[in-house]
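Since this is a predicted model, take the numbers as computed values, not measurements. All residue numbers in this chain count up from 1 along the given sequence.
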Amino acid sequence: MSGTGDTAPGADAGELPAYAERVLSVAELIPAGRVMTYGDVAEYVDEGGPRQVGRVMALYGGAVPWWRVVRADGRLLPGSELRALGHYRDEGTPLRAASQGSDDHIPKIDMRRARWDGRPDDPDDPDGRPNDRDDAWDGAWDD
C-alpha cells in the first residue's frame with residue numbers, strides 16, 4: 001500500500017485505532033502549502049516514531065491530505081510522486097529543482113520553507129510562513 005488512498009483490508013473507517021486517529025487528525029491540521037515529516041507528526045502526538053506514523057499513513061491516509069506528511073529529506077513518496085507533485089503545485093508548496101545528477105528529475109520539497117511546526121501561522125507574516133521557530137525545533141530546519 002502506498003499511503004495515498006488505500007485503506008487496510010477490512011478496515012472500517014469507524015474503527016480506527018486511537019493512535020491512527022491522532023495521526024490523521026494532525027495530517028488534517030497541516031495547512032495547504034506546508035508539510036510535516038513523519039517524525040514531526042510522531043513528536044506532535046507525543047507517541048511512536050516516523051515508522052509508526054508512516055504505517056498509519058499507508059493504511060489509513062487516503063482520507064486526509066497524505067501528501068502533507070513527508071520524508072525528512074524532502075523526497076516525494078515513491079510510487080506517488082506525480083500525484084503528490086500535482087497537490088504541491090496546486091497548493092503552492094515550496095519545491096526545489098531536482099539535482100543535476102538526478103535520474104528522475106522529480107523536484108524535492110523545500111523543507112526549510114515548507115515545514116510546519118504545528119503552530120498557527122503568524123498573521124503579520126506576508127507570505128503566511130512563520131519567521132521564527134521555537135526552541136524545541138532548533139536545528140530541525142536544517143537539511
Side-chain angles (χ1 to χ4, degrees), residues 1-122 125-134 136-143:
M1 292 189 187
S2 65
T4 61
D6 299 329
T7 56
D12 181 345
E15 298 179 20
L16 287 177
Y19 181 70
E21 287 183 16
R22 292 198 322 272
V23 166
L24 297 176
S25 69
V26 172
E28 290 177 325
L29 292 174
I30 303 169
R34 305 300 297 276
V35 299
M36 289 180 93
T37 68
Y38 296 106
D40 292 342
V41 173
E43 187 173 332
Y44 193 92
V45 299
D46 199 28
E47 184 181 348
R51 289 180 188 258
Q52 289 80 13
V53 171
R55 179 76 174 153
V56 167
M57 295 304 295
L59 292 175
Y60 309 107
V64 299
W66 54 267
W67 59 92
R68 296 181 191 157
V69 181
V70 302
R71 297 169 50 124
D73 64 5
R75 287 193 307 154
L76 307 190
L77 184 66
S80 297
E81 297 94 331
L82 297 179
R83 285 181 60 203
L85 189 56
H87 289 293
Y88 298 138
R89 288 184 172 149
D90 288 346
E91 294 183 355
T93 305
L95 300 171
R96 292 186 350 211
S99 65
Q100 293 276 337
S102 175
D103 290 334
D104 58 13
H105 304 290
I106 300 286
K108 287 182 160 185
I109 297 164
D110 184 337
M111 295 302 290
R112 285 186 176 269
R113 294 175 44 220
R115 200 167 187 178
W116 186 59
D117 63 6
R119 296 182 300 163
D121 288 340
D122 180 357
D125 187 6
D127 67 358
R129 305 206 189 283
N131 292 321
D132 300 317
R133 310 301 199 247
D134 65 25
W137 290 93
D138 278 353
W141 302 95
D142 300 329
D143 290 331

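- Pairing each heavy atom of Ala114 with each of Thr93, the nearest pair is CB-CG2, 4.0 Å.
- Among residue pairs with one or both ends in residues 68-87, those qualifying as ring pair (Phe, Tyr, Trp, His ring centres under 6.0 Å) are Trp66-His87, Trp67-His87; sequence neighbours excluded.
- Closest non-hydrogen pair, Ala42 versus Pro50, comes out as CB-N, 4.2 Å.
- Counting only residues at least two apart or on different chains, the salt bridge (Lys or Arg N to Asp or Glu O under 4.0 Å) pairs with a member in residues 46-58 are Arg22-Glu47.
- A side-chain donor-acceptor contact under 3.5 Å links Arg34 to the backbone of Arg115.
- In this structure, the separation between CG on Asp40 and CH2 on Trp116 is 10.5 Å, given to the nearest 0.5 Å.
- Evaluation of the side-chain hydrogen bond (donor to acceptor under 3.5 Å, both in side chains) rule for Arg75 yields Asp73 as partners, not counting sequence neighbours.
- Within the 4.5 Å cutoff, the side chain of Leu77 has no heavy atoms near those of the Val70 side chain.
- Remark: the backbone N or O of Ile30 is paired with a side-chain donor or acceptor of Arg68 at under 3.5 angstrom.
- Using a 4.5 Å cut-off on side-chain heavy atoms (C-beta onward), Tyr19 and Val53 make contact.
- A search for salt bridge (Lys or Arg N to Asp or Glu O under 4.0 Å) contacts involving Asp90 returns nothing, not counting sequence neighbours.
- Looking only at distances, a side-chain donor or acceptor of Glu81 sits under 3.5 Å from a matching main-chain atom of Gly79.
- Here the straight-line distance linking atom CD1 of Ile106 with atom CG of Leu82 works out to 5.0 Å at 0.5 Å rounding.
- Distance check, rounded to the nearest 0.5 Å: OH of Tyr88 to CZ of Arg83 gives 11.5 Å.
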**OP:** Kindly determine whether Thr37 and Met111 satisfy side-chain contact (heavy atoms from CB on, under 4.5 Å), including the steps that lead there.
**Re:** CA-CA 9 Å; Thr37 68; Met111 295 302 290; 3.5 Å; yes

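- With sequence neighbours excluded, the residues satisfying side chain to side chain contact (heavy atoms under 4.5 Å, CB included) with Pro107 are Leu85, Arg89, Leu95.
- Between Gly33 and Pro94, the closest heavy-atom pair is O-CD, 3.5 Å.
- Shown here are the side chain to side chain contact (heavy atoms under 4.5 Å, CB included) partners of Leu24, two or more places apart in sequence or in another chain: Leu16, Val56, Met57, Tyr60, Val64.
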